[in-house]
Structures are given as C-alpha cells and as structure tokens.
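One structure is given here, and the rest of the page talks about it.
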Amino acid sequence: MKVLVTGGLGFIGSHTVVELQNKGFEVVIIDNLSNSSIKVLDGIVSITGKAPIFENIDLKEKSKVQKFFLNHQDIVGVIHFAASKAVGESVEQPLMYYENNINTLVYVLQELTKLEQSNFIFSSSCTVYGQADELPISENAPIKPAESPYGNTKQIGEEIIKDICKVTPKLNAIALRYFNPIGAHPTAKIGELPIGVPQNLVPFITQTGVGIREQLSVFGDDYPTPDGTCIRDYIHVVDVAKAHVVALQRLLESNNTSNYEYFNLGTGKGSSVLEVINSFERISGEKLNYKIANRREGDVISAYADTKKANQVLGWKAESSLDDAMTSAWKWQKRLNSN
Ligand SMILES: NC(=O)c1ccc[n+]([C@@H]2O[C@H](COP(=O)([O-])OP(=O)(O)OC[C@H]3O[C@@H](n4cnc5c(N)ncnc54)[C@H](O)[C@@H]3O)[C@@H](O)[C@H]2O)c1
C-alpha cells in the first residue's frame, strides 16, 4: 500500500517513513528540502534497506501538487508533515507562514476530495491549547487564542480539515497534537537537524554538550512549578512516528468513529527544564554549562498531555522514557559532530 509522506525528509517525517517501511508500506516522500537535507534519504535507506520514492516538489505550487496526484492515483493515505515550524520566525514573517502552512494543506486536501476514498493525517500541536486551565491537558480542553502565527496555522489547519470532512464523508482525517518530540532513531542514522541556533531545548543541550554552543540559558526559575522552571511533555520521536502508523491503520481498517478525529501525542509526564538537564548529565556523564536567565515572553508555564484518549481509543502508548530519548539525541549529536 502506497502512502504519501509530505515533509518526509524532516525530523518527524523521516522517522515516520522508517516506521511505515518497517510495517510494509511503500512510501512516497514529497519534500522541497527547505528545512532538510537530501542526505536524510541515505539514512532512511541504511536503516530499512528500502528506498522510498522521493519527489522534490514545493507544495506551494498548486499545479505540481495536481500533477503529482494524477501520477500517483494508487495512494491510500497521506501523512502531512510539510510546514514551517519556527515560532519566532512566524512572528517576523506571518505571511510566509500562512502561505506555506495553509496553502499547502488546502492544495493537498483539494486533490484528496477528488478521490473515491482518502485518508489524511495532520501534524498538529499542543500549542493549540495555550496555557491550559487544567493539567494534564485532555482533548476536551478549550482551544485558546494562538500565541503566534505558527500556532494559528495549526488551529486554522484543524478548522479547515473539520470543515471539509463535514461535507466530504469519503475523506477520513485524524489530527495528531504533538507535545514535545525529542530524540533520534536509536541507530543515530537519522535525527533532528536544526538549521542555525536551535529553537528547542534538547538540541540546544546536546549542541552545548559537544561545544557548538557555549552555554544554555534556562529562561526563568521563578515559575510556580516545583523547581521554578517550565514543564513540558517530552516524547521520543520514534513513539510519535509509530503513532502515525497506528492512526493510518485505524483509517485504513475503518476503525474510526467519525471522519474527523483528533488525539494528543504525549507521554502524560511533565518534565522541568532542570530535570531535562539532569537527564542529559546522567546519560552522558558530562556536566552541562548553563545559566539561569530572565523569563522569555510567551512561554507557557506547564503543559503535559492527558493520554487516555490516545491510549484507549487510538490504541497507542508512548514507550520510551526521557532518558531513552536523551540517550538517542546524544548519540545522534556525537555522530553529527564526528562527520
Ligand atoms: N518538532 C516539533 O516540536 C513539532 C511539534 C508540534 C508540531 N510539529 C509539526 O510537525 C510537522 C513536522 O515537524 P518537524 O519537526 O519534522 O519539522 P521539519 O522542519 O524537520 O520537517 C518539515 C519538512 O517539511 C518540508 N517542507 C516545508 N515546507 C514545504 C513545502 N512547501 N513543500 C514541500 N516540503 C516542505 C521541509 O523541508 C522539512 O523537511 C510540522 O508540521 C510541524 O509544525 C512539530
């Protein structure tokens, strides 16, 4: 069965391609390499021994998207990762974010509505909840006004999918709201490839660990949390990848209860910034150079998932611990550094 993975050379996409291939799916990747490298293909092949079909297409080009679907009429499902994801950049360049994250989604959905039957998985984010009133955050928590244009593209994306599913019964969709994906494949053949200064905590830690960054700043230690630093739900990227395969299988086997569903992808456990640093020091045996800095604007204090719906309805559960994920991230960083 042929599956299209858009953004399949990116961080989460590449790990999902591996899990799809492991389950016997034939994978077609679309990626315009705007935030990834063609070398990721080699990493995928060296893990699975199978080469996915790769098309270098910019999904903003509607005619190319149309042509692609004409040439690949046998696709049974689409997993749509392709998007721009840097929160700060989205504040500076909102139109670029709306164009890339919304237009690409609309063009893909337009093609799917032309098919007899189609299955669609969307990369959403826990950012849709903002600072939730109750923890852990369940799927019933209200959607809060977005903190950034990036966050808004995820909210609008979900609305678009909901609206089109309402009038298109043959389109089945699932939005997966990721908490904080971290880590790398245990083989260290694929992982996260941040361009420039990493925006996320774990790549910043591992880059500091190998000396690419001098020091990590911990933004605020006076939050109302046990150790004063912000709390997030860090989830191993391989667990996130596996959830996509489970979600796709749910649609292919018609086990969904409505043609638009959404699930949280998290571990259910919150970890503070200092706990993540401790995890790094524990698994690496290195001391991390960090300092406490002022709070950063827009940071949510605490966010971790209620995983009941994903566990019981989707039938998926995160298996790896923070230390497992950190071990893989560290192995990946050391491999990158040795190249
Ligand atoms: N990484 C996270 O922490 C996180 C959290 C929540 C949601 N998400 C969402 O998950 C998805 C994947 O995230 P990621 O971390 O793997 O990001 P990534 O940047 O590593 O991967 C995205 C991929 O999409 C490609 N792409 C972007 N625009 C494209 C276009 N117009 N045409 C074709 N390809 C295009 C990029 O080249 C890249 O390879 C994104 O939608 C992101 O918003 C990520």
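All of these numbers come straight from a predicted model, not from anything done at the bench. One-based numbering, in listed order, for ligands and for the atoms of each.
Any N or O atom pair closer than 3.5 Å counts here, and Ser34 shares at least one such pair with ligand 1. Between Leu59 and ligand 1, at least one pair of N/O atoms sits closer than 3.5 Å. At least one N/O-N/O distance between Phe81 and ligand 1 falls below 3.5 Å. Below 3.5 Å of separation, one finds no N or O of Tyr178 facing any N or O of ligand 1. Remark: ligand 1 and Leu9 share no N or O pair separated by less than 3.5 Å (distance only, no angle test).
Counting protein heavy atoms only, atom 21 (O) of ligand 1 is closest to Gly10 CA, 3.4 Å. Remark: minimum distance from atom 25 (C) of ligand 1 to any protein heavy atom is reached at Asp31 OD1, 3.4 Å. Pro181 CD, 3.8 Å is the protein heavy atom nearest to atom 2 (C) of ligand 1. Distance from atom 30 (C) of ligand 1 to its nearest protein heavy atom, with residue and atom name: Asn32 ND2, 3.4 Å. The shortest contact between atom 15 (O) of ligand 1 and any protein heavy atom is with Lys85 NZ, 2.7 Å. Closest to atom 22 (C) of ligand 1 among all protein heavy atoms lies Ala83 O, 4.0 Å.
Under 4.0 angstrom from ligand 1, the non-hydrogen atoms of Ile57 all belong to its backbone. Contact annotation for Asn100 and ligand 1: only side-chain heavy atoms (C-beta onward) come within less than 4.0 Å of the ligand. At a 4.0 Å heavy-atom cut-off, ligand 1 touches Lys154 through the side chain alone. At a heavy-atom cutoff of 4.0 Å, ligand 1 is contacted by the side chain of Thr104 but not by its backbone. Looking at Ser124 against ligand 1, only its backbone comes within 4.0 Å, counting heavy atoms.
Hydrophobic clustering places Ile182 together with Val273 (ILVMFWY residues linked when any side-chain heavy atoms are closer than 4.5 Å, directly or through intermediates). Residues Val45 and Val28 are members of separate hydrophobic clusters, defined by side-chain heavy-atom contacts under 4.5 angstrom among Ile, Leu, Val, Met, Phe, Trp and Tyr.
Remark: the Asn152 side chain and the Tyr98 side chain contain an N/O donor-acceptor pair separated by less than 3.5 Å. Counted by atom type alone, Glu261 and Thr257 present one or more donor-acceptor pairs between their side chains at under 3.5 Å. A side-chain N or O of Gln215 and one of Asn289 form a donor-acceptor pair less than 3.5 Å apart. Side chain to side chain, Tyr97 and Glu89 meet the donor-acceptor criterion of an N or O pair below 3.5 Å.
For ligand 1 and Tyr150, the ligand atoms under 4.0 Å from any heavy atom of the residue are 7 (C), 8 (N), 9 (C), 42 (C), 43 (O). When each atom of ligand 1 is checked for a heavy atom of Leu33 under 4.0 Å away, the hits are 37 (O). Near Gly7, meaning under 4.0 Å from any of its heavy atoms, are these atoms of ligand 1: 23 (C), 24 (O), 25 (C). Those atoms of ligand 1 with a heavy atom of Ser125 less than 4.0 angstrom away are 6 (C), 7 (C). The Ser36 neighbourhood of ligand 1 comprises atoms 37 (O), 38 (C), 39 (O), with distances under 4.0 Å to a heavy atom of that residue.
The pair Lys170-Glu116 does not meet the salt-bridge criterion, since no charged nitrogen lies less than 4.0 angstrom from a carboxylate oxygen. The residues Lys189 and Asp42 are annotated as not salt-bridged, no charged nitrogen and carboxylate oxygen being separated by less than 4.0 angstrom. A salt bridge is defined here as a Lys NZ or Arg NE, NH1 or NH2 lying under 4.0 Å from an Asp or Glu carboxylate O, and Lys291 with Asp221 fails to meet this definition. In this structure, Lys50 does not pair ionically with Glu26, as no charged nitrogen and carboxylate oxygen lie closer than 4.0 Å.
In this structure, His15 has its ring center at least 6.0 angstrom away from the ring center of Phe81.
Atom 44 (C) of ligand 1 has its nearest heavy-atom neighbour, among Val65, Val108, Leu176, Ile12, in Ile12. Here the shortest heavy-atom distance to atom 18 (P) of ligand 1, taken over Thr6, Thr16, Asn35, belongs to Asn35. Remark: among candidates Tyr97, Phe122, Phe11, the nearest residue to atom 20 (O) of ligand 1 is Phe11, based on non-hydrogen atoms.
Geometrically, Lys162 does not engage Tyr260 in a cation-pi contact, judged by NZ or CZ lying under 6.0 Å from the ring centre and within 45° of the ring axis.
Between the Asp58 side chain and the Lys60 main chain, a donor and an acceptor come within less than 3.5 Å of each other.
Counting heavy atoms from C-beta on, the side chains of Val27 and Ile29 come closer than 4.5 Å.
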